[in-house]
S.K.: 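Sending over a structure as structure tokens; questions will come in a sec.
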Protein chains: 2
Amino acid sequence: MPKPMRADARRNYERLLKEAALAFTEHGVDASLDDIAKRAGVGSGTLYRHFPTRQDLLGEVYADRIDELADQAVEFGASGRPPGQALADWLQKLAEQLIRLRGLRALLGAAMADGSTPVISGCSGRLTDAAGELLTAARQAGAARADLETAEMLRLTHAVAMAAELGADGPPDVRRCLVLMIEGICGDDRRAMSL
Amino acid sequence: MPKPMRADARRNYERLLKEAALAFTEHGVDASLDDIAKRAGVGSGTLYRHFPTRQDLLGEVYADRIDELADQAVEFGASGRPPGQALADWLQKLAEQLIRLRGLRALLGAAMADGSTPVISGCSGRLTDAAGELLTAARQAGAARADLETAEMLRLTHAVAMAAELGADGPPDVRRCLVLMIEGICGDDRRAMSL
DNA sequence: ACCTGAACACCGTTCAAGT
DNA sequence: ACCTGAACACCGTTCAAGT
């Protein structure tokens, strides 16, 4: 139970979040923190008081997006869709967001990289759980390869979202990327290439 | 035909390359340029004279690695292996290097991202060509999906190499990652999931 | 309790002065 | 022709002083 903030503190907190969101989409994840503080009309110390690290700031900025994605996973799972379809649909939502929001991508990338920082693993925990249930259901329906783990699937999606952005030709084609990824995820027994 | 450098210039050039390679593997792609200059025993201006941008420096540091990979692609293509196998084997070599050498990964990532800078597209041009021939042969043998483009394949490999490093559990498993990618690349007609 | 902004450390880049 | 290193701009982070 977070004790209520003083009025001015809360106002600064919200201004910072708003300006940070703007800065991250405009200038990328490495946007100047000093700039964010200036635009929010507060001293730089205030920013650090509220958000000790850049990751903390990222986490708060995108907390809602992450929650929405987790909600959607639960919703898709209960929608009556075939489990494989539910997973595919959700992965598409995830990939779309990862491509659109660079900050979210950096945040989840860090979350999957170490998973140590409590802030980060905390905010991505629900997401991982929800994704895991979608995957389990798909596996049981024979729609996903049996040896695929949740973390692995999320890492791969993350990677594909990055690859999509590397493509110079116009806005990245989410579907195309997912086709490539999913047809791998499905698994097959044609092995014209082997390792 | 690059006109020969003055003796001291050449010595500094080589010292810089050596220290840069060290710094990139030790501290990542964002290693301090000033530090590199200091360790090489030259002024920072000298570094900028030889390598106007960080990309230029990266390009020179990893030029040999890129050439080796291109050579290997040609060699595998002429080795008598089934075309699908030749492609798979080469992709494994590529992925291994991308995972091992962070600097090379950053460089090729940039090369595939815009492909504009002459230095970058220059050094990666041979690589792309060689990879393209391997892919074409594999396609004609029915070992690779018909709609897959070379740039797309390389971007995907790059992405998969990044995903591999996100895994916290020990050294990244190249083979595992490639299995996931290749079984997607091969294409199949089982579509338990669809988009 | 919270905020401000000066101060410090660090890095990239340029350029006048030196050889 | 090439090198040096001081100078400048910029950023992150801390902390003493203020309310």
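FYI, side chains are in, hydrogens and waters are out, and symmetry mates aren't considered; it's all heavy atoms of this structure. Residue numbers begin at 1 in each chain, while the letters A, B, ... track the order of the sequences.
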S.K.: Could you grab the distance from atom CD of B:Glu75 to atom CG of B:Asp89, nearest 0.5 Å is fine?
M.R.: 10.5 Å
S.K.: Taking atom C1' of D:dT13 as reference, at what distance in whole Å does atom CG of A:Asp34 sit?
M.R.: 10 Å
S.K.: So, are B:Arg65 and B:Glu68 salt-bridged, with charged N and O less than 4.0 Å apart?
M.R.: yes
S.K.: Taking B:Arg105 for the side chain and B:Ala161 for the main chain, is one N or O donor matched with an acceptor at less than 3.5 Å?
M.R.: no
S.K.: Taking only residues two or more places apart in sequence, or in another chain, which ones meet B:Ser79 in a side-chain hydrogen bond (donor to acceptor under 3.5 Å, both in side chains)?
M.R.: B:Arg81
S.K.: Restricting to non-hydrogen atoms, name the atom on B:Ile66 and the atom on B:Leu127 that form the minimum distance, rounded to 0.1 Å.
M.R.: O-CD1, 3.8 Å
S.K.: Please report, rounded to the nearest Å, how far the P atom of C:dT14 is from the CG atom of B:Leu47.
M.R.: 12 Å
S.K.: In this structure, how many angstroms lie between the P atom of C:dC10 and the CG atom of B:Asp35, rounded?
M.R.: 11 Å
S.K.: Hey, what do you get for OG1 (A:Thr46) to CZ (A:Phe51), rounding to the nearest 0.5 Å?
M.R.: 11.0 Å
S.K.: Evaluate the criterion side chain to side chain contact (heavy atoms under 4.5 Å, CB included) for residue pair B:His27 and B:Arg102; output intermediate values, then yes/no.
M.R.: CA-CA 10 Å; B:His27 303 297; B:Arg102 287 184 287 185; over 6 Å; no
S.K.: Test side chain to side chain contact (heavy atoms under 4.5 Å, CB included) on A:Leu22 and A:Arg39; report intermediate values, then the result.
M.R.: CA-CA 10 Å; A:Leu22 256 170; A:Arg39 292 208 207 186; 5.9 Å; no
S.K.: Go through the structure and list residues passing salt bridge (charged side-chain N to carboxylate O under 4.0 Å, His left out) with B:Lys38, not counting sequence neighbours.
M.R.: B:Asp34
S.K.: Under 4.0 angstrom, heavy atoms only, what part of the nucleic acid is A:Ala31 near: base, sugar-phosphate, or nothing?
M.R.: sugar-phosphate
S.K.: Rounded to the nearest 0.5 Å, what's the gap from CG on B:Leu135 to CD on B:Gln140? Could you check?
M.R.: 10.0 Å
S.K.: Enumerate the side chain to side chain donor-acceptor pair (under 3.5 Å) contacts for residues 9-18 of chain B, please, sequence neighbours excluded, ordered by first and then second residue.
M.R.: B:Arg10-B:Glu14, B:Tyr13-B:Glu60
S.K.: For residues 16-30 of chain A, which residues have at least one heavy atom under 4.0 Å from DNA chain D?
M.R.: none
S.K.: Using a 4.0 Å heavy-atom cut-off across all strands, classify B:Ala37 as base, sugar-phosphate, or nothing.
M.R.: nothing
S.K.: Hey, where does DNA chain C pair up into stems, meaning at least three consecutive Watson-Crick or G-U pairs with distances under 3.5 Å?
M.R.: C:4-8 with D:12-16, C:12-16 with D:4-8
S.K.: Using atom CG of A:Leu33 as one end and atom P of D:dT14 as the other, report the distance to the nearest whole Å.
M.R.: 12 Å
S.K.: Can you give one letter per nucleotide of nucleotides 3-9 of chain C, going 5' to 3': B for a protein heavy atom under 4.0 Å from the base, S for sugar-phosphate only, - for none?
M.R.: BBBB---
S.K.: Rounded to the Å, how far apart are B:Lys38 NZ and C:dG12 P?
M.R.: 10 Å
